[in-house]
Amino acid sequence: MKKMNKHIFTTFSALTILTACGGSEQKEQPILDAVNSSLESVSPKLVVTQGVITGFGSIYVDGVKYNTDTSNIMKNGLSTQLSALSVGMKISFSAQENDSGEWIAQDVEYDTEIEGTIQSIDRSTGQLLIANTVVYYNDLTHFIDTSEALISVGQRVEISGYPQADGTFLASYIEADTDVNNDDHEYTAGIVSNLDEAALQFTINNVVIDYSSAVLDGLLTNDTYVKVEGNLLGDVMVATEVDARTVEESLDVDDDSVLRYEIEGLITQISATSMGVNGQVFDFADNIDVEGTLLNDLTVGMFVEVYINNNQVTSVELKRPDYSSDGKVKGIIEDIDSVNKTITVNGVVYAINEFSRFEDDDEQYFNFDSLNINDYVEIAYLNTSPLLSVLKIEKEDQDEYNQEWEMKGQVTAILSNSITVNGAEIQLDANAKYIINDVLVSLETFLAQLVVGDRVEIEGQYDANNVFVLGKVELENDDGDDGDDGDDGDDGDDGDDGDDGDDGDNGDHIGGYVEFEGTVTELLTANSFMINGYEVRLSANAELELNDRDVNLTTFMAALTVGSIIEIEGQWVGNQYILASEAELE
């Protein structure tokens, strides 16, 4: 409290001098009022927050508006303007509430957490490999200058989001890095483990970090969250900088002036006495206010907001069981109710509230009042009653609307040639792919197992006539046999069912249907090769494309070289290799 005491002492000194000059009682009262006002202004009202930007005007985080007219805004260590920030970025900032109840943001800081060239993409599980770090994306991830359909191996991207307990990273924001002046370093972030101070190494995200020649900022310990800049040399990242600062240190705030810390994110560890959120670990206070669940029911992976006082958790609010949505839909706005803040898309009414996130690459200040009937939108929602609640709404132009994408939701009607999901009728095509529990099946098998109420994921795109062209539909149904396992082709020797032999970073690939993009690392036989450590065999009747031309197996393999970027679709066989039914080489 040194700064506060100094101000109080100065104020009372001034009061002593003024009263010593012989002022009347009437004159002393305004002075006392001024003293009281001064005392109120230096009381600890500063709140330090870490969360994701949900909107602008000035800036919204978790449905709360923060005035940024006088804010000091930093992006990756450099002073900048509010226009440099985007929805989906995870920021840290300090703010103070004024007498009118308005929150005034002081220091606002954004730092990219993962950055580098995409090494591989698993579209079947929604994961990227960047700087040897597994990054997941989902329906709530905001893409800037790229999209879920357009991201590709070899593209450089910047990512913000949340570290997960298993060493992976969940992206709230992915932006194509178009900066021609970037330093070509890789960046990763995560929770420290296996710290070896003698060898000057540690591990984050299953990546070994050599910090022997790095500039270290902050205290480096196990189970703390750090950001690393460096270069990959094989499986090791040689760090040039390691940032181990806490939120308090990065914002340079005086702890005596802080009322509380508010941190939004994923639970990364929990015990009877403490919990970690975004890799930051705090002890529980004696009396904890828990909202939305019970303290004993909190588990790793839950999406929460915590209040921190004196480095202890005093309050926990469960936002959602995880950082995801219950469904996703795309369509044209048919109706808007400005009074109740609802919109209608495909005949379904969706409610918009203070927590809904508004995204438009071309309009930073996009909000509910910006919506118009006939707008093209994409919505991620929660299943709430009586209406579905919008978590994210993105306004799209015609080109974006017609790109390939995924719809997710509950089946409400089934006919012999169509199903209805999220109010949209989807025509079933025998040439589309049908998947049950990660196994390719025929259309007949799929329909035989599908029932109203099942949740499905549908991949396809709207054509110029606003007709949905189906590419793939997937059902996760754990009941009974998976049925027909589809196109097996010529799979050769299955080998044994033992260990897959791969000690890579993304074991979630193993098992079932796979849609993968990566780099050829080795040519094996006349019909097989390695991609990012995984063996791929082309089935005898695989559909093969070379520079958008259909070719035969001999022509395709002749064009394949180590370093080629290739897309494949297929099925794992015995957890030993991927049997590809489709492959595309540019």
Side-chain angles (χ1 to χ4, degrees), residues 123-126 138-139 148-149 324-335 343-350 376-385 387-392 396 401-487 512-515 569 571 581-582:
R123 300 186 192 275
S124 50
T125 57
N138 64 21
D139 300 339
E148 185 176 341
S324 66
S325 70
D326 289 328
K328 184 169 69 170
V329 64
K330 185 181 288 192
I332 300 173
I333 296 179
E334 300 155 356
D335 187 52
I343 62 173
T344 302
V345 177
N346 298 326
V348 179
V349 180
Y350 297 88
Y376 297 101
V377 292
E378 179 182 305
I379 295 170
Y381 63 84
L382 277 180
N383 286 327
T384 51
S385 180
L387 299 176
L388 302 174
S389 296
V390 172
L391 282 174
K392 183 186 80 168
E396 299 187 332
Y401 185 74
N402 293 133
Q403 286 179 6
E404 187 176 81
W405 69 296
E406 282 190 348
M407 178 191 299
K408 299 179 181 179
Q410 194 173 57
V411 177
T412 55
I414 303 172
L415 298 176
S416 60
N417 61 348
S418 71
I419 59 175
T420 301
V421 179
N422 296 330
E425 186 176 2
I426 308 299
Q427 297 298 316
L428 301 178
D429 184 341
N431 294 320
K433 293 184 176 67
Y434 298 90
I435 300 169
I436 298 178
N437 295 337
D438 291 328
V439 176
L440 285 168
V441 300
S442 66
L443 172 57
E444 292 73 21
T445 299
F446 185 83
L447 283 172
Q449 296 199 26
L450 188 69
V451 297
V452 169
D454 280 342
R455 295 186 56 80
V456 295
E457 296 183 11
I458 297 172
E459 184 178 295
Q461 61 192 103
Y462 283 104
D463 64 17
N465 297 316
N466 200 33
V467 174
F468 190 82
V469 180
L470 180 64
K472 180 179 72 176
V473 56
E474 183 170 1
L475 167 67
E476 294 293 337
N477 181 0
D478 296 328
D479 296 330
D481 180 68
D482 292 339
D484 164 29
D485 59 3
D487 173 18
Y513 172 82
V514 64
E515 186 177 351
E569 290 187 45
Q571 193 87 23
S581 56
E582 294 185 26

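From a predicted model like this one, the values you see are computed outputs, not experimental measurements.
Heavy atoms only, all atoms of each residue included: Leu440 and Lys433 are closest at CD2-CB, 4.1 Å. When all heavy atoms of Trp405 and Lys330 are compared, the pair lying nearest together is CH2-N, 2.9 Å. In this structure, Asp139 and Ala380 approach most closely via the heavy-atom pair O-CB, 4.0 Å. Closest approach of Ile414 to Leu447, counting heavy atoms only: CG2-CD2, 4.1 Å. Between Thr412 and Val452, the closest heavy-atom pair is O-CG1, 3.9 Å.
Take Glu515 and apply the side chain to side chain donor-acceptor pair (under 3.5 Å) test, not counting sequence neighbours, and it matches Lys472. Partners of Ala149 according to the side-chain contact (heavy atoms from CB on, under 4.5 Å) rule, which considers only residues two or more places apart in sequence or in another chain, are Ser147, Glu404. Residues satisfying the side-chain contact (heavy atoms from CB on, under 4.5 Å) test with Val451, not counting sequence neighbours, are Asp454. By the side chain to side chain donor-acceptor pair (under 3.5 Å) test, Glu474 is found to be paired with no residue, residues two or more places apart in sequence or in another chain being considered. Taking the side chain to side chain donor-acceptor pair (under 3.5 Å) definition, one finds that Asp335 meets it with nothing, sequence neighbours left out. Residues passing the ring-ring contact (aromatic ring centres under 6.0 Å, His included) test with Tyr376 are Tyr401, sequence neighbours excluded. For Thr384, the side chain to side chain donor-acceptor pair (under 3.5 Å) test picks out Ser389, with sequence neighbours left out.
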Test side-chain contact (heavy atoms from CB on, under 4.5 Å) applied to Thr344 and Ile333, step by step:
CA-CA 6 Å; Thr344 302; Ile333 296 179; over 6 Å; no
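In this structure, the side chain of Gln461 does not engage the main chain of Gln403 through any donor-acceptor pair within 3.5 Å. A donor-acceptor pair under 3.5 Å links the side-chain atoms of Asp463 to the main chain of Asn465, judged by distance alone. Panel note: side chain Glu334, backbone Asn346; a donor-acceptor pair is recorded below 3.5 Å.
Under the 4.5 Å side-chain criterion, counting only non-hydrogen atoms from C-beta, Ile379 is in contact with Ile343. Side-chain atoms of Ile435 and Leu475, non-hydrogen and from C-beta on, never get closer than 4.5 Å to each other. Taking the side chain as every heavy atom from C-beta outward, Glu459 and Arg123 never approach each other to under 4.5 Å.
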Which side-chain N or O atoms in residues 418-432 pair as donor and acceptor under 3.5 Å with protein atoms at least two apart or in another chain?
{"from": "Ser418", "atom 1": "OG", "to": "Glu425", "atom 2": "OE2", "distance (Å)": "3.1"}
{"from": "Asn422", "atom 1": "OD1", "to": "Tyr381", "atom 2": "OH", "distance (Å)": "2.6"}
{"from": "Asn422", "atom 1": "ND2", "to": "Lys328", "atom 2": "O", "distance (Å)": "3.0"}
{"from": "Asn422", "atom 1": "ND2", "to": "Lys408", "atom 2": "O", "distance (Å)": "3.0"}
{"from": "Glu425", "atom 1": "OE2", "to": "Gln427", "atom 2": "NE2", "distance (Å)": "3.4"}
{"from": "Asp429", "atom 1": "OD1", "to": "Asn431", "atom 2": "N", "distance (Å)": "2.8"}

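Screening residues 411-443 for ring-ring contact (aromatic ring centres under 6.0 Å, His included) gives Tyr434-Phe446 as the qualifying pairs, with residues at least two apart or on separate chains.
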